[in-house]
Undergrad: 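Have a look at this one before I ask anything.
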Number of protein chains: 2
Amino acid sequence: MIEYPADPPVDQRWNRRRLRSNNEWLLLERLRTAGPASRAQLARDSGLSKPTVSAALAALEQAGLAREAGTVVPDRGRTAVLYEVDPTAGYVLGVDIGRAWLRLAVADLAGTVVAREDVPNRGRSGSAVAEAVLAAAERVTAAAGLGRGDIVEAVVGAPGVFDEQTGRVRYAVNLPGWGRSGLVAGMREGLATSLTLHNDANLAAIGEYACGAGAGSRLFVYILIGTGLGMGVVADGELFRGAHGAAGEIGFLPLLTNPMPPSAPSPVEGAPRRGSLEDAVSGEAVVRGARMLGMSGPLSAKQVFEAAREGVPAAVAAVRQEGERLAHVVAAVSSVLDPDLVVLGGGVGHSADLLQQTVEDTLHRLTPLRPRVTPSSLGDDAVLLGAITTALRSARPKVFDTLTAPPQT
Amino acid sequence: MIEYPADPPVDQRWNRRRLRSNNEWLLLERLRTAGPASRAQLARDSGLSKPTVSAALAALEQAGLAREAGTVVPDRGRTAVLYEVDPTAGYVLGVDIGRAWLRLAVADLAGTVVAREDVPNRGRSGSAVAEAVLAAAERVTAAAGLGRGDIVEAVVGAPGVFDEQTGRVRYAVNLPGWGRSGLVAGMREGLATSLTLHNDANLAAIGEYACGAGAGSRLFVYILIGTGLGMGVVADGELFRGAHGAAGEIGFLPLLTNPMPPSAPSPVEGAPRRGSLEDAVSGEAVVRGARMLGMSGPLSAKQVFEAAREGVPAAVAAVRQEGERLAHVVAAVSSVLDPDLVVLGGGVGHSADLLQQTVEDTLHRLTPLRPRVTPSSLGDDAVLLGAITTALRSARPKVFDTLTAPPQT
DNA sequence: CGCCTTAAGTAAAGATACCTAACTTAATCC
DNA sequence: GGATTAAGTTAGGTATCTTTACTTAAGGCG
């Protein structure tokens, strides 16, 4: 690292000096994904020679990145010493800023959650949310027995599209004041770590892909139906962002769905556009539909679904209509992206079992490109787990670089 | 290559033995993308030392992959010897199977077309097309002064989605008999090279991205509007395929467009589904729209556009309606993918200048996510150039591996 | 119990490909 | 014609990997 210019050219990564480091990284990744293994085992699997593996593992152990993990006695021959990744080499913070709840969790490098806190969030405005996040982050870090410096990376999920250039959040329809500039910068400063803000539907997609119903899918789509309507796309394990990070903002799809009168005009800044798909498919639309079909009294989407489960005809019909509308969304998305799996999540997604049949039947009518459609398996934790997964992705190489860097003079 | 197992594990690519080879590859790529350069220049740019670069270039020249390209006299100092990629180290074949024309071209490794042939194709059925392709490939290869063995890679573009597993083409709506099994295998055998079949809209997208209007776009969408309706998506320079290679089959979008009566029932196998978007937006729909608005006589889409250019009111109105329908397509695609550029190509795309204003105005009404929309710049050659680009991509590493492989005993 | 077999792990020697430093070559400038 | 500058080469040194051969530690067996 010393003999090369400060800003090494691209080719530099191929240089011999990095070969050692690269092999160490590959061995560490192998340990992480394939579990504990002996040095001889690693040598066989990686194609490296035994002496090389021994040397690399000694260096990794020295750096605090790997550790011994017991021994195993083979059928014949000498006892093998197993090694595993040391998950305590670094920690990450995940935050889910939802309309009703703030959820925070600290996880170690293996992804194990070591502390968690859920805080009610209803009614808070932009800057109050940012302050509440900072306070809760402080508490949850302490609860994990950690200090600030132990958090290598923080990832925050929230509605809207964050624009790195202006430092503002766009399309954050359901969180008043969240679009204000400087909020993210403030949080970043307060946490004193690398912090990134992501769209909640995108993180939920990653969460569901990494630890939920989406595992192993080649092209995975997560549709978040709740207060608003969002979508996250994971292609070959990578989040699909689009040119401006706004991929999946399907609230603006001009679709041919069954008739649904627009919501009443609203003076609230940033409320869903009347007549938009978001307005026609989100939770509140289910309520409107049920009212049109004759239900009365104070209603929530949840109550409509419960009534449908009990067989109340108007509720059943309202749910069927919602299923048909959703099928149009799935059909549109499928014809563009060709996913093999669509997961329905969010408030309405919780009742996806009620919707599934209608969605599948309608889909059959609409298009020959029909992906599998299933309900979310992580429920309300999808965003939080996605935030942790995303944070781990950037934290792991960062920790590796830090701990294997040559000692400074 | 000899000391390692036949099927080397993943990590193997990091081994020292491959370091040399990798650096040679990187230097070659640098020569290819940044043009001729001296060895000292390459050393500065790549971060490798002068002796290493000299040795690598000697090996590349020996292998026939690079060659001297004149000299240059700097302001002061010794004359530098320039090197460039040797484009004659291998050739590729690109084929565009269109409804009206077969287009074939042979290009060298630099992408320069060295022979080309266009053959009328109207009225041929599946197996006749395959035979015509083989015969024309034979002729065009000979015209380039090459034999079979010189063609390293062939890429064929055609409508429909090719399924590697069954060996059949699906959704090839406008090419009767093209869905028959074994056609691709037959062509592969007849050409005696590695041959792959790709969707025509996908290849056109790659062509337009690599050498046309899409250059430099982060997320680029090409919409092919002609006999049918297709789309290709290029994200960060890579084609986006979807889980089953059917991404971009937007003929099945359930969209809310202005009214357009479905085409007359057709007994032809595989004709566009009546009432589908494909049926409502493709070239033939423009004709139907014009008839509804009062135009009569034998009409083609081209003629309607020409009439609109001359100001015939019914034609102008028909074109405006087509523009509105297209805007819905662009709006839907944009809300899912968030592209920064949409290029309109194919027969209708040729008249994109007439459509552009309407598309932009309608888009404005529909959504805040508005990508740039421009007409194709390659016209009818987009598919062919995309095929060549795709073929080059796999041919280049293949040629490199072949020519740098250690001599067999 | 000691010896054989087997497999894990280590030590020493050899190979490769890189870097640095110093040199040679070839051009311009004065 | 010599100084200067930059291209390219030669020679020597170093890091990292592989190979080969060895040591260590376990179980099986006569």
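Order of the sequence lines sets the chain letters (A, B, ...), proteins ahead of strands, with each chain counted from 1. It should be emphasised that the depicted structure is a prediction, and the values quoted were computed from it without experimental measurement.
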Undergrad: For the side chain of A:P51, counting heavy atoms from C-beta on, which of C:dC18, C:dA12, D:dT5 is nearest?
TA: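 Closest nucleotide among those given: C:dA12.
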Undergrad: Expressed as a whole number of angstroms, how long is the span from A:Q41:CD to C:dA7:C1'?
TA: 12 Å
Undergrad: Taking OP1 and OP2 of D:dG8, is either one under 4.0 Å from a side-chain nitrogen or oxygen of B:S38?
TA: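 Checking D:dG8 against B:S38, a side-chain N or O does come within under 4.0 Å of OP1 or OP2.
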Undergrad: Classify the ring geometry of A:Y209 against A:F220: parallel below 30°, tilted from 30° to 60°, perpendicular beyond 60°.
TA: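 Ring orientation of A:Y209 relative to A:F220: tilted.
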Undergrad: B:T79 side chain: which of C:dT10, D:dC17, C:dA27 is closest?
TA: C:dA27
Undergrad: Rounded to whole Å, how long is the line connecting atom CZ of A:R20 with atom C1' of C:dC18?
TA: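 The answer, rounded to whole Å, is 16 Å.
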Undergrad: Where the side chain of B:A80 is concerned, which of D:dA7, D:dA26, C:dG9 is the nearest nucleotide?
TA: D:dA7
Undergrad: Mark yes or no for whether B:D108, through its side chain, and B:T88, through its backbone, hold a donor-acceptor pair below 3.5 Å.
TA: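 No; zero donor-acceptor contacts below 3.5 Å.
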Undergrad: For the pair A:R67 and A:E84, find out whether any cationic side-chain nitrogen is under 4.0 Å from an anionic carboxylate oxygen.
TA: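 So A:R67 pairs with A:E84 through a salt bridge.
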Undergrad: Choose from C:dG9, D:dA11, C:dA12 the nucleotide whose nearest atom is closest to any side-chain atom of A:A40.
TA: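 My answer, after comparing the listed nucleotides, is C:dG9.
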Undergrad: Figure out the CG/P separation between B:N23 and C:dT16, and round it to whole Å.
TA: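 It is 17 Å, rounded to the nearest whole Å.
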Undergrad: Categorize B:V53 for me: base, sugar-phosphate, or nothing, with a 4.0 angstrom heavy-atom threshold over every strand shown.
TA: nothing
Undergrad: Test for a donor-acceptor pair under 3.5 Å between the base of D:dT24 and the side chain of A:R78, counting only N and O atoms.
TA: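 It does, because a donor-acceptor pair links the side chain of A:R78 to the base of D:dT24 below 3.5 Å.
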Undergrad: Taking only side-chain nitrogens and oxygens of B:R39, does any of them come within less than 4.0 Å of OP1 or OP2 of D:dG8?
TA: yes
Undergrad: Rounded to the nearest angstrom, tell me the gap between atom CG in B:L27 and atom P in D:dG8.
TA: 14 Å
Undergrad: Expressed in angstrom and rounded to an integer, what is the separation of B:R76 atom CZ from C:dC30 atom C1'?
TA: 12 Å
Undergrad: Can you measure A:K50 atom NZ to C:dG9 atom P for me and round it to whole angstrom units?
TA: 8 Å
Undergrad: If each of B:G77 and A:A55 is mapped to the nucleotide of DNA chain D with the nearest heavy atom, which maps nearer the 5' terminus, i.e. the 5' end?
TA: B:G77
Undergrad: Do A:R396 and A:E153 sit within salt-bridge range, that is, some charged N less than 4.0 Å from a carboxylate O?
TA: no
Undergrad: CG of A:D75 versus P of C:dA8: gap in Å, rounded?
TA: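 Interatomic distance, CG of A:D75 to P of C:dA8: 11 Å.
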Undergrad: Which nucleotide in the list D:dA7, D:dT18, C:dG9 gets nearest to the side chain of A:S49?
TA: D:dT18
Undergrad: Grab the CZ-C1' distance between B:R44 and D:dA7 for me, whole Å please.
TA: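 Taking atom C1' of D:dA7 as the reference, CZ of B:R44 is at 9 Å.
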Undergrad: Name the residue closer to the 5' end of DNA chain C, choosing between B:P74 and A:L82 according to the nucleotide with the nearest heavy atom.
TA: A:L82
Undergrad: Salt bridge check, B:R116 against B:D381: does any charged N sit closer than 4.0 Å to a carboxylate O?
TA: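 Salt bridge present between B:D381 and B:R116.
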